[in-house]
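To keep things clear, I will list the structure first and then write my remarks on it.
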Amino acid sequence: RRRQEDAILDDARRFVQTCDRADLPDPDAVSDPRLRRLAETIDDLGRLSLRAERRNHYLNRTIEQEVEHRTRKQTLALHREASTDPLTGLGNRRRLEQAIEEIFSDGGRRHDDTVAAVLIDLDHFKQVNDTLGHAVGDECLKFVGELLASSLRDGDVAVRLGGDEFVLLLPTLGEREAAAVARRLAELHRQRVWPHLAVPPPTLSLGVAAVHRAMADAAELLLERADTALYGVKGRGRDAVGTWSQRPRPENQDASRRSA
């Protein structure tokens, strides 16, 4: 009996020593049936615990990845919302600033690269709004937005500056190529069905300019020249395309006055 009790105690001692180690206990190393059953139970619990730990680790990692994905997606959506005109879906002034920084950054600058801009005004827009209401005016703006968006190449940027003013930035194009784009836009806009008899259909006035990226103050100069070209179009009666290189010059105006 004494030897039997000692054997049980030795088994219990070995069992306890095994449990203190990181490895799970081996039930086959225990001779007493009661302790073996206990060891088998703890062995099963240990395996279940290890399985649960692995499953929890996988779930936690999956949750972290999902949270990271959704956070990134929401952040991008907020950035897009902050730089998008809600009516037309084009970029807004903030997007224009971003695009100018991207296009004229030192990293992408080459001496032989040109960038063109097309400034666009919707003619007679105030008359449309005042006579037909803002809902019709909004539809006119949306149509221009869709027209510009459908004409973009990769890398081009279309922006609504506000009101009835828009701008296209066209990297790698010169003034002649950009003027061809502008004329195509004007012609497509004229083809729009206009059912309102009370007001003539709105048209587009477009001013075109181009600069080399490496020029000093190239971005500012580009928009100034396009604005000057647009101002010349409006002064000549609207519904046309004007370019910086073909703008009316003061000396030409003086000569015209002398000949008159």
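All of these numbers come straight from a predicted model, not from anything done at the bench.
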Heavy-atom donor-acceptor pair, [X] side chain to [Y] backbone, under 3.5 Å:
X    : Y    : value
E175 : T243 : no
T131 : V128 : no
R213 : F104 : no
R225 : L221 : no
D85  : T88  : yes
E177 : G174 : yes
W194 : V199 : yes

Examine [X] and [Y] and state if one hydrophobic cluster contains both, with Ile, Leu, Val, Met, Phe, Trp and Tyr joined whenever side-chain heavy atoms are less than 4.5 Å apart.
X    : Y    : result
L147 : L206 : yes
L161 : L230 : yes
V167 : L188 : no
V181 : W244 : no

Taking atom [atom1] of [X] and atom [atom2] of [Y], what is their separation to the nearest 0.5 Å?
X    : Y    : atom1 : atom2 : value
D121 : T203 : CG    : OG1   : 10.0 Å
Q98  : L96  : CD    : CG    : 9.5 Å
L87  : D138 : CG    : CG    : 5.0 Å
N60  : Q65  : CG    : CD    : 11.5 Å
E102 : R95  : CD    : CZ    : 4.5 Å

Test: [X] and [Y] ion pair at under 4.0 Å:
X    : Y    : answer
R184 : E187 : no
K234 : D123 : yes
R190 : D239 : yes

Within-4.5 Å side-chain heavy-atom neighbours: [X] and [Y]:
X    : Y    : result
L90  : V159 : no
V144 : H189 : yes
I100 : L169 : yes
L122 : L204 : yes
S205 : I120 : no
L168 : L148 : yes
P171 : R153 : yes

Only one of D156, T114, V208 clears side-chain contact (heavy atoms from CB on, under 4.5 Å) with L170; which?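 Exactly one pass, corresponding to D156.
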Specify the closest pair of heavy atoms between [X] and [Y], including all atoms of both residues, with the distance to one decimal.
X    : Y    : value
A178 : A116 : CB-CB, 3.4 Å
V233 : V241 : CG2-C, 3.8 Å
R183 : R176 : NH2-O, 4.5 Å
Q127 : P200 : NE2-CD, 4.0 Å
N92  : T84  : ND2-N, 3.4 Å
L185 : S151 : CD2-OG, 3.2 Å

If you apply the rule salt bridge (Lys or Arg N to Asp or Glu O under 4.0 Å), what do you find for R94 with E97, and how did you get there? CA-CA 5 Å; R94 180 173 182 178; E97 294 173 0; over 6 Å; no
Check the surroundings of atom CZ in R192: do more than 12 heavy atoms from other residues, nucleotides or ligands lie under 6.0 Å from it?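 Yes, the 6.0 Å shell around CZ holds more than 12 heavy atoms from other groups.
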Crowding at CZ, F125 (>12 non-hydrogen neighbours, <6.0 Å):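 Check passes, neighbour count above 12.
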Check the pair F166, V118 against side-chain contact (heavy atoms from CB on, under 4.5 Å), reporting the backbone distance first and the verdict last. CA-CA 8 Å; F166 300 82; V118 181; over 6 Å; no
